[in-house]
Amino acid sequence: MLNHNNIFDVAKGLLILLVVFGHQPLGDELHRFIYSFHMGFFFILYGVLFKEHSNDLIQYIAFKSGNLIGTYYKAVVWSLLFFLLVSYIKFDVFSYEALTMKAIDYLVGSAYDGNLSPNGPLWFLLSYFFYNFYFQVVYYLEKKIGLAAHFVFIPIFISILFSFTLIPFTLNATILAIPFFYVGRFYKGWLLCLDSKYILILISLSLFLFFSIFMMGNYYDISVSNVGYYIDYILLGGLFFIPIIYFSIFLESTFFGPALVYLGKRTLGVLCYHILFITGSSYVLSRVLNLNYDVLRGSISYIVFISIASTFFLSYLFDIKKLKKWFI
C-alpha cells in the first residue's frame with residue numbers, strides 16, 4: 001500500500017535538490033528547465049495537502065507566522081552578517097550605509113532586481129506564508145458567502161500586478177501562484193489512485209506536452225513575475241508535477257527513498273541557508289587549496305558535489321536542536 005506522506009517527502013527531497021542545483025552556475029537551458037516547474041511544484045503540493053482551519057484560523061495563522069515569518073527574519077540576520085563579511089572581504093571596509101539599505105530591502109521583502117541578495121530564495125517564505133493565509137481566508141469566507149469567496153479578491157490582485165513593479169513581501173508571486181492551488185486540488189482526488197495501466201500513458205502525455213510548451217523558449221522566475229505568457233507557466237508546473245510524483249513512488253522503495261524522505265522533511269533550513277553555505281564554504285575551500293574561486297564554482301563535478309553535500313549537511317545540522325533554534 002502506498003505511503004502518501006513518504007511519497008510527497010521523496011518528491012520534496014528531489015525538488016529541494018533541484019532548487020539548490022538551480023542556484024548554481026549550470027547554464028541557461030538547465031536553469032530554464034528547473035525554473036519552469038520547481039516553485040510551481042511546492043505551490044501545487046500545498047493544494048494537494050490543503051486542510052482548512054476555519055475553526056482555528058487565528059491560531060493556525062499565528063503558528064504559520066512563527067514558522068515562516070519567524071524563520072525569514074532569523075535568516076535575514078544571518079544574511080546581513082554574511083553581506084557585511086563579503087563586503088569587508090571584497091572592499092576591506094564595513095559599509096554601514098550599504099548594510100542599512102540591505103536591511104531595508106529585507107524588511108520590504110521584494111525579490112525584484114535582486115533586492116534580497118545575497119540570499120534571494122528567502123522570498124519564498126514570505127510568498128508561501130501569504131499563500132497559506134490567502135487560501136485559509138478564502139475557505140473561511142466560503143462558509144459565509146459560498147464559492148464567490150474564490151473570486152472576490154481577484155480583481156484587486158490583477159490591479160496590483162498591473163499597477164506596481166516592486167511589490168512588498170513578493171506578493172506578486174503569491175498572486176501568480178493562485179492557479180497552482182486549484183491544480184493541486186484537481187490532482188488530489190485521483191492522481192495517486194489511478195489504475196496502473198493508465199499511468200504510463202499519463203506520464204508520456206504529460207512529458208510530451210511539457211516539452212512541447214518548454215520548447216517555446218520562455219524564461220521563468222515567478223519571484224520577479226517572469227512567467228512567460230502565464231498560461232504556459234501554469235501548464236508547465238502542472239504537467240511536470242505528474243512525472244515527479246510517479247518517479248517519487250518508484251524511488252520511495254529504492255535505496256534512495258529514505259535519504260530523499262529525510263531531505264523532504266527538512267526543506268525549510270536548506271532553502272534558507274544553502275546559498276550562504278555554498279558561497280562561504282566554496283570561498284574558504286578556494287583559499288585553502290589555492291584555487292581560483294570562479295573556476296572552482298564553475299566546475300560541474302564540484303557543483304554536483306557541493307549541491308548534494310550542502311543539502312544533506314544542512315539537513316543534519318538543523319536536526320541539532322541547540323543549533324536549530326538560532327536558524328529556524
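Using modelled atom types, one side-chain atom of Ser310 and one backbone atom of Ser307 make a donor-acceptor pair closer than 3.5 Å. Put simply, the side chain of Asn132 gets close to the backbone of Tyr128: a donor and an acceptor are under 3.5 Å apart. Proximity of a side-chain donor or acceptor of Ser127 to a complementary backbone N or O of Leu171 within less than 3.5 Å is not detected. Using modelled atom types, no side-chain atom of Ser65 and backbone atom of Ile61 make a donor-acceptor pair closer than 3.5 Å. Between the Tyr273 side chain and the Phe327 main chain, a donor and an acceptor come within less than 3.5 Å of each other.
In this structure, CG in Leu268 is found 9.5 Å from NZ in Lys12, a value given to the nearest 0.5 Å. In this structure, CD1 in Ile175 is found 5.5 Å from CZ in Phe157, a value given to the nearest 0.5 Å. Here Leu166 contributes atom CG and Ser110 contributes atom OG; the two are 3.5 Å apart, rounded to the nearest 0.5 Å. Atom CD1 of Ile306 is separated from atom OG of Ser282 by 5.0 Å, given to the nearest 0.5 angstrom. Interatomic distance, Tyr230 OH to Leu235 CG, rounded to the nearest 0.5 Å: 11.0 Å. To the nearest 0.5 Å, the span separating CZ on Phe43 from CG on Leu176 amounts to 9.5 Å.
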Next on the checklist: Checking Lys102 against Ser117 for the side chain to side chain contact (heavy atoms under 4.5 Å, CB included) test, could you report, in this order, the C-alpha distance in whole Å, the side-chain angles of both residues, the deciding distance, and whether it holds?
Outcome noted: CA-CA 8 Å; Lys102 181 55 62 178; Ser117 65; 3.5 Å; yes
Item to check | Step-by-step side chain to side chain contact (heavy atoms under 4.5 Å, CB included) determination, Tyr246 to Ile249 | outcome: CA-CA 5 Å; Tyr246 283 113; Ile249 292 173; 3.6 Å; yes
Item to check | Test log, rule side chain to side chain contact (heavy atoms under 4.5 Å, CB included), inputs Tyr60 and Gln136 | outcome: CA-CA 9 Å; Tyr60 176 78; Gln136 290 297 337; 3.5 Å; yes
Next on the checklist: For a side chain to side chain contact (heavy atoms under 4.5 Å, CB included) check, start with the C-alpha distance between Gln24 and Arg297, then their side-chain angles and the critical distance, and finish with the verdict.
Outcome noted: CA-CA 8 Å; Gln24 310 310 310; Arg297 293 287 283 116; 3.0 Å; yes
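Donor-acceptor pairing under 3.5 Å is recorded for the side chains of Tyr262 and Asp319. Judged purely by distance below 3.5 Å, without hydrogens or angles, the side chains of Tyr219 and His31 never pair a donor atom with an acceptor atom. A donor-acceptor contact closer than 3.5 angstrom is absent between the side chains of Ser223 and Thr170.
Partners of Leu323 under the side chain to side chain contact (heavy atoms under 4.5 Å, CB included) rule, at least two apart in sequence or in another chain, are Leu317, Ile320. Take Leu200 and apply the side chain to side chain contact (heavy atoms under 4.5 Å, CB included) test, not counting sequence neighbours, and it matches Ser204. Here Asn292 pairs with Asp294, Val295 under the side chain to side chain contact (heavy atoms under 4.5 Å, CB included) rule; sequence neighbours left out. Scanning for ring pair (Phe, Tyr, Trp, His ring centres under 6.0 Å) contacts around Phe240 gives Phe33, Phe37, Phe210, with sequence neighbours left out. Considering only residues two or more places apart in sequence or on other chains, Phe130 meets the ring pair (Phe, Tyr, Trp, His ring centres under 6.0 Å) condition with Phe169.
Residue-environment remark: CD1 (Ile58) stays at or below the threshold of 12 foreign heavy atoms within 6.0 Å. For Phe133, the CZ atom sits in a loose shell: 12 or fewer heavy atoms of surrounding residues, nucleotides or ligands are nearer than 6.0 Å. Within a 6.0 Å sphere centred on CG of Asp195, other residues, nucleotides and ligands contribute more than 12 heavy atoms. The environment of CZ in Phe211 is crowded: more than 12 heavy-atom neighbours from other residues, nucleotides or ligands sit within 6.0 Å. The number of heavy-atom neighbours closer than 6.0 Å to CD of Gln59, taken from other residues, nucleotides and ligands shown, is above 12.
At a threshold of 4.5 Å between non-hydrogen side-chain atoms, the residues Ile213 and Met216 count as touching. Side-chain contact between Ile160 and Asn172: absent, with no pair of heavy atoms (C-beta onward) separated by less than 4.5 Å. Looking at His38 and Tyr35, their side chains come closer than 4.5 Å, going by heavy atoms from C-beta outward. Residues Leu191 and Val48 form no side-chain contact, since every pair of their non-hydrogen atoms from C-beta on lies 4.5 Å or further apart. Counting only heavy atoms from C-beta outward, the side chains of Lys74 and Trp326 never approach each other to under 4.5 Å. The shortest side-chain heavy-atom distance between Leu17 and Leu260 falls under the 4.5 Å cut-off. Within the 4.5 Å cutoff, the side chain of Leu68 has no heavy atoms near those of the Leu126 side chain. Annotation: side chain of Tyr220 is not in contact with side chain of Met39 (no heavy-atom distance under 4.5 Å).
Lys324 forms no cation-pi arrangement with Phe318, by the criterion of a distance under 6.0 Å to the ring centre and an angle within 45° of the ring axis.
Among the candidates Leu80, Leu276, Thr279, the single residue satisfying the side-chain contact (heavy atoms from CB on, under 4.5 Å) test with Asn119 is Leu276. The ring-ring contact (aromatic ring centres under 6.0 Å, His included) test with Phe180 is passed by exactly one of Tyr131, Tyr233, Phe42: Tyr233.
Looking at every heavy atom in both residues, His274 comes nearest to Val270 through ND1-O, 2.8 Å. When all heavy atoms of Ser79 and Pro118 are compared, the closest pair comes out as O-CG, 3.9 Å. The nearest pair of heavy atoms linking Gly13 to Leu263 is CA-CB, 3.9 Å. The minimum heavy-atom distance linking Asn115 with Asp105 is given by the pair O-CB, 3.3 Å. When all heavy atoms of Ile245 and Ile7 are compared, the pair lying nearest together is O-CG2, 4.1 Å. Taking all atoms of both residues into account, the shortest heavy-atom contact from Leu122 to Ala75 is CD2-CB, 3.6 Å.
Hydrophobic clustering (ILVMFWY, side-chain heavy atoms < 4.5 Å, transitive): Phe151 and Val138 are in distinct clusters. Leu239 and Ile231 fall within the same hydrophobic cluster, defined by Ile, Leu, Val, Met, Phe, Trp and Tyr side-chain heavy atoms under 4.5 Å apart, directly or through other members. Linking ILVMFWY residues whenever their side-chain heavy atoms come closer than 4.5 Å, directly or via other members, leaves Leu161 and Val224 in distinct clusters. Linking ILVMFWY side-chain heavy atoms closer than 4.5 Å, directly or via other members, places Leu192 and Ile242 in a single hydrophobic cluster. Cluster annotation: Leu81 is not connected to Met101 through the hydrophobic network of ILVMFWY side chains, with a link wherever side-chain heavy atoms come within less than 4.5 Å.
Here ring-ring contact (aromatic ring centres under 6.0 Å, His included) pairs that include residues 276-309, with residues two or more places apart or in two chains, are Phe277-Phe313.
Within the 6.0 Å centre-distance limit, the rings of Tyr182 and His150 are counted as a close aromatic pair. Under the 6.0 Å cut-off for aromatic ring centres, Tyr106 and Tyr73 do not qualify, their centroids lying 6.0 Å or more apart.
Ring geometry for Tyr46 against Phe135 counts as tilted: the plane angle lies between 30° and 60°, on a 0 to 90° scale.
Salt bridge Lys143/Glu52: present, at least one basic N to carboxylate O contact under 4.0 Å.
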